[in-house]
Every structure is written in structure tokens, then in C-alpha cells.
Amino acid sequence: MTLISKTRWLSLTALLGAILVTGCGPSKEPTGTVSGTVTLDGEPVESGQVDFVSSEGFAATGSITNGQFTLDASLPVGKYSVGVGPPALTEAPGEEGGDAAVPESPVPASYHTPGTSGLSEDIQEGENSVTIKLTTSGSPAGDAAESAP
């Protein structure tokens, strides 16, 4: 290799290294983790799924077990619509092409979709503990979703 070729190669290598280091660094956007409790008429929801969705397209899901949940991912800080529904499908459609049975849930259908449930949460940086209070009438109980810092 000539001296010019070596110089170009080193310059290109240094440039690519700088791009990789800046592109792969940690996100500077603050995030928060979310866990909490889901109740229906004051009683823990035994099983189900909680979905948090932002208008910016960020989302995370958590399974409810004995009234407790933890979201599967950290979320950027901000406001999120919340949905609470039946557990995710765990069985495939039947061999004859029939639909899989949707799991039963005591949670009214009006809570199942984050955008129309009437439930929302403001996620702060760090750990967020959330209590989601539901009613069988399908409308949030007072402060339906309360956050504890």
C-alpha cells in the first residue's frame, strides 16, 4: 500500500469508528419503568394484560397476575393511554382453521383499548408505581389510574 492509500484507509477507519460510537451510545431520552396493581370494584384482577401506548408510538405491555403487573419495557417519559384486557391468546387456531378461544375476562370491554378506555398515566423518569382502579360499570372509579412517585 502506498502512503496515500494508508492515510485514506486510516481516515476512513477513524470516521467509521466515530460514527459507530456516536450512533450506538446510550439514549439521552429519560425513561421510566412501570409496575403496579389493577383492581376491579376494589378486588385484584386475577389475570389479564395491561397496555401503555403514547401518541408518539411508544408502547409496552405487562401481564397481570393476582392483581400485579410489570411492563415488559422501559418507556420514555410522557403521557400514555392505558388499556386493561384479557390475557393474550395462548393457543393457536384449531386444526380445521377455527378461531382460538379468546380468554375470558371480568374486565368490561370498554377498558380493553388504550385509546378509548378513559385511562391514562403520566410516566416519570425512574420507577413508577401505578394503581389502576376499574369498575364493572366500565367507567374509571374516581381517579381510575393513580400514580405514586
Side-chain angles (χ1 to χ4, degrees), residues 9 11-149:
W9 174 250
S11 297
L12 181 58
T13 303
L15 177 62
L16 288 174
I19 290 170
L20 288 175
V21 168
T22 28
C24 296
S27 171
K28 301 207 186 306
E29 188 171 350
T31 63
T33 59
V34 181
S35 61
T37 304
V38 181
T39 63
L40 178 64
D41 295 329
E43 297 295 321
V45 172
E46 291 302 314
S47 65
Q49 182 172 305
V50 178
D51 300 304
F52 279 59
V53 180
S54 75
S55 60
E56 290 81 26
F58 298 108
T61 298
S63 294
I64 303 168
T65 304
N66 299 320
Q68 302 295 310
F69 74 92
T70 300
L71 294 185
D72 60 5
S74 295
L75 293 170
V77 298
K79 188 167 185 149
Y80 288 79
S81 296
V82 179
V84 179
L89 292 176
T90 57
E91 60 184 66
E95 288 181 24
E96 298 175 15
D99 293 333
V102 176
E104 300 259 338
S105 175
V107 175
S110 59
Y111 292 120
H112 293 189
T113 306
T116 59
S117 69
L119 304 170
S120 65
E121 281 296 329
D122 286 316
I123 302 306
Q124 305 298 317
E125 186 171 7
E127 294 180 15
N128 292 264
S129 180
V130 175
T131 300
I132 302 172
K133 297 178 182 179
L134 310 175
T135 65
T136 52
S137 69
S139 59
D143 290 335
E146 299 174 352
S147 294

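Here the structure is a predicted model, which means the values were calculated and not measured. FYI, the numbering just counts along the sequence from 1.
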Between G85 and H112 the two heavy atoms that sit nearest each other are CA-CD2, 3.6 Å
Nearest heavy-atom contact between L119 and Y111 is CD1-CD2, 3.9 Å
Name the atoms and distances for all side-chain donor-acceptor pairs under 3.5 Å in residues 62-76, with sequence neighbours left out.
unit_1: Q68; atom_1: NE2; unit_2: T37; atom_2: OG1; d: 3.2
unit_1: D72; atom_1: OD1; unit_2: T61; atom_2: N; d: 3.2

Rounded to the nearest 0.5 Å, what's the gap from OH on Y80 to CG on N128? Could you check? 10.0 Å
Can I get a per-line list of side-chain donor-acceptor pairs under 3.5 Å for residues 38-47, giving both atom names and the distance, sequence neighbours left out?
unit_1: D41; atom_1: OD1; unit_2: T136; atom_2: N; d: 3.1
unit_1: D41; atom_1: OD2; unit_2: T136; atom_2: N; d: 3.4
unit_1: D41; atom_1: OD2; unit_2: T136; atom_2: OG1; d: 3.0

Can you tell me which residue among V130, V53, V50 is in a side-chain contact (heavy atoms from CB on, under 4.5 Å) with V82? V50
Separation between CD of E127 and OG of S35, rounded to the nearest 0.5 Å: 7.0 Å
In Å, rounded to the nearest 0.5 Å, how long is the span from CD of E29 to CD of E125? 10.5 Å
Min side-chain heavy-atom separation Q124-D122 under 4.5 Å: yes
Under 3.5 Å donor-acceptor, S54 side chain and E56 backbone: yes
